[in-house]
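Single-structure report; data block below.
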Protein chains: 2
Amino acid sequence: MRNGERSRERLLDAATAEFAAYGIAGARVDRISAAAGVNKAQMYGWFSSKEGLFDAVFSQHLHRIVDAVPFTPHDLPAYAVALYDSYLTDPELVRLAGWSRLERVPVGDLLDAHHADPKHAAIKRAQAEGRIVRDIRPDEVYALVIALAGTWSPVSATFTASRQDDQADHRRRRRALRAVVRRALVP
Amino acid sequence: MRNGERSRERLLDAATAEFAAYGIAGARVDRISAAAGVNKAQMYGWFSSKEGLFDAVFSQHLHRIVDAVPFTPHDLPAYAVALYDSYLTDPELVRLAGWSRLERVPVGDLLDAHHADPKHAAIKRAQAEGRIVRDIRPDEVYALVIALAGTWSPVSATFTASRQDDQADHRRRRRALRAVVRRALVP
DNA sequence: CCTAACCTACCGACTGGTTAGTCGGTAAGG
DNA sequence: CCTTACCGACTAACCAGTCGGTAGGTTAGG
């Protein structure tokens with residue numbers, strides 16, 4: 001009974017990297033346990049299956065996926081830009097969400113309602129204050145901002161940005177993103 | 001030598017469905033050959049591996065992914081709405097692109113330049129004519145439109161729409177999409 | 001017109017490596 | 001003495017890819 005807590009953490013870290021890189025079907029439990037330095041049987045004692053391990057990883061990172069960046073409904077352009085930056089520093093989270101969408105949740109909400117509801121409510125208030133356009137429903141405002149911030153994300157259908165890109169590229173994308181969100185959603 | 005052409009077609013159709021549903025790592029070649037009614041050894045005679053089969057499937061559908069909808073740079077809002085509709089009728093294409101991004105092409109362009117270049121050039125002309133705002137580069141205009149059209153797509157990080165959704169929902173999303181693209185990109 | 005050679009579609013059965021998950025245990029701490 | 005961390009070795013199923021064929025159609029030579 002030397003150090004169960006630390007082992008569990010190393011295991012979840014290794015599993016995060018593995019699932020982010022290969023998805024659920026592509027992940028290998030032997031690779032995870034080897035990378036974590038945790039015995040496989042031990043792993044199965046804590047989490048009962050590969051799927052169970054993915055669930056643990058995903059729910060552990062849920063708040064980081066959702067709140068990687070403080071939500072600022074009164075300044076959506078800045079929020080979108082901050083998301084762009086967070087996708088650059090933490091592409092794993094976006095990839096994890098992508099796998100979950102493709103391998104687990106093909107339609108409907110990706111996350112539980114109680115993660116999104118507070119944001120929708122905040123958007124509604126900002127609309128009442130005249131900070132956000134009123135002709136689009138709060139949940140859709142949110143969806144559109146997330147989609148825009150993900151234009152160059154690790155699940156982009158066009159181009160995925162990386163930290164190695166030229167700083168000028170990042171600046172140009174941030175500027176475009178800020179302008180688009182402002183013109184589209186700020187009255 | 002009864003009908004090689006038809007068998008090949010059935011095989012590619014079955015492979016498309018399988019890869020769209022499960023991705024490369026999750027796809028099972030036995031399932032594909034069974035669904036197509038084509039012997040597995042035959043399959044390996046035509047395509048040399050599971051990866052080779054995915055490549056064939058993906059390149060076969062490339063033009064449909066890129067040109068599922070006629071590109072109308074002079075009316076980007078309508079283009080975005082048409083893409084929304086095409087994602088509803090053909091979610092497989094978007095999922096295929098998603099798998100390719102996650103399992104194959106983690107950074108940079110998802111598609112070859114020669115697929116995107118004509119569109120960028122058309123956007124540039126539309127900008128010169130004053131039909132599209134000039135403060136955003138053509139390739140980024142395109143990326144932003146694709147991202148917006150994919151707000152409720154099968155790779156959405158928030159909500160994935162489906163044909164079963166209420167017609168009112170579809171109308172509301174189309175209207176929001178049209179408004180956002182117009183305000184953001186049309187002068 | 002026949003037939004031998006050849007090509008391509010088609011196929012059932014197999015294999016070797018991989019992989020999720022298990023077993024039966026030791027030892028450390030409380 | 002009980003619980004929990006830890007572990008090497010194992011297994012049964014799975015799965016991509018192969019083997020060694022048969023048969024139908026086409027062509028060319030006689």
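From a predicted model like this one, the values you see are computed outputs, not experimental measurements. Throughout, a chain's letter reflects where its sequence line sits, starting with A, and its residues are numbered from 1.
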Spacing between [X] atom [atom1] and [N] atom [atom2], to the nearest angstrom:
X     : N      : atom1 : atom2 : answer
B/E5  : C/dT8  : CD    : P     : 14 Å
A/N3  : C/dG29 : CG    : C1'   : 13 Å
A/F47 : C/dA20 : CZ    : P     : 16 Å
A/Y22 : C/dT18 : OH    : P     : 15 Å

> Does A/R183 CZ have over 12 foreign heavy atoms under 6.0 Å away?
Replying inline: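 Yes, the 6.0 Å shell around CZ holds more than 12 heavy atoms from other groups.
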Looking only at the side chain of [X] (C-beta and beyond, no hydrogens), which of the listed nucleotides [options] gets closest?
X     : options               : value
A/V29 : D/dA16, C/dA20, D/dA5 : C/dA20
B/Y44 : D/dG8, D/dT18, C/dA20 : D/dT18
B/K40 : C/dC10, D/dG17, D/dC7 : D/dG17
A/R28 : C/dA20, D/dG8, C/dG12 : C/dA20
A/W46 : D/dC19, C/dT19, D/dA5 : D/dA5
A/D30 : D/dG17, C/dA20, D/dC7 : C/dA20

>> Using the salt bridge (charged side-chain N to carboxylate O under 4.0 Å, His left out) definition, which of the options A/R173, A/R174, A/R171 pairs with A/D85?
In response: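 So, applying the salt bridge (charged side-chain N to carboxylate O under 4.0 Å, His left out) to A/D85 and each of A/R173, A/R174, A/R171, only A/R174 qualifies.
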> Which is true for B/S48 with a 4.0 Å heavy-atom rule: it touches a base, it touches only sugar-phosphate, or it touches nothing?
Replying inline: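 Contact class for B/S48: none.
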> With a 4.0 Å cut-off on heavy atoms, is B/A27 in touch with a base, just the backbone sugar-phosphate, or nothing at all?
Replying inline: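 B/A27: backbone/sugar contact only, no base atoms under 4.0 Å.
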> Any donor-acceptor pair under 3.5 Å linking the side chain of B/R182 with the backbone of B/P77?
Replying inline: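 Side chain of B/R182 to backbone of B/P77, a donor-acceptor pair under 3.5 Å: no, none is there.
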>> Let's go through B/R28 and B/D30 carefully: what are the C-alpha distance in whole Å and the side-chain angles of both, what is the deciding distance for salt bridge (Lys or Arg N to Asp or Glu O under 4.0 Å) to 0.1 Å, and is it a yes or a no?
In response: CA-CA 5 Å; B/R28 295 293 167 250; B/D30 287 291; over 6 Å; no
> Bend angle of the helix from C/dC1-D/dG30 to C/dG30-D/dC1 from five-pair axes at both ends, rounded to 10°?
Replying inline: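 Between the first-five-pair axis and the last-five-pair axis there is 0°.
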> Relative to B/Y22, does B/R31 satisfy both conditions: NZ or CZ under 6.0 angstrom from the six-membered ring centre, and within 45 degrees of the ring's axis?
Replying inline: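 Geometry flag: set, cation within 6.0 Å and 45°.
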> So if you build clusters from Ile, Leu, Val, Met, Phe, Trp, Tyr with side-chain heavy-atom gaps below 4.5 Å, do A/V181 and A/V186 land together?
Replying inline: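 No; tracing contacts between hydrophobic side chains, which count when under 4.5 Å, never links both residues.
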>> Would you say B/S7 places a side-chain N or O within less than 4.0 Å of OP1 or OP2 belonging to C/dC10?
In response: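 For C/dC10, OP1/OP2 do have a side-chain N/O of B/S7 under 4.0 Å.
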> Can you name the closest pair of heavy atoms from A/I123 and A/P138 and give their distance?
Replying inline: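 A/I123 and A/P138 have their closest heavy atoms at CD1-O, 3.6 Å.
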> 5'-most contact on DNA chain C: A/K50 or B/G37, nearest heavy atom basis?
Replying inline: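 So the residue in question is B/G37.
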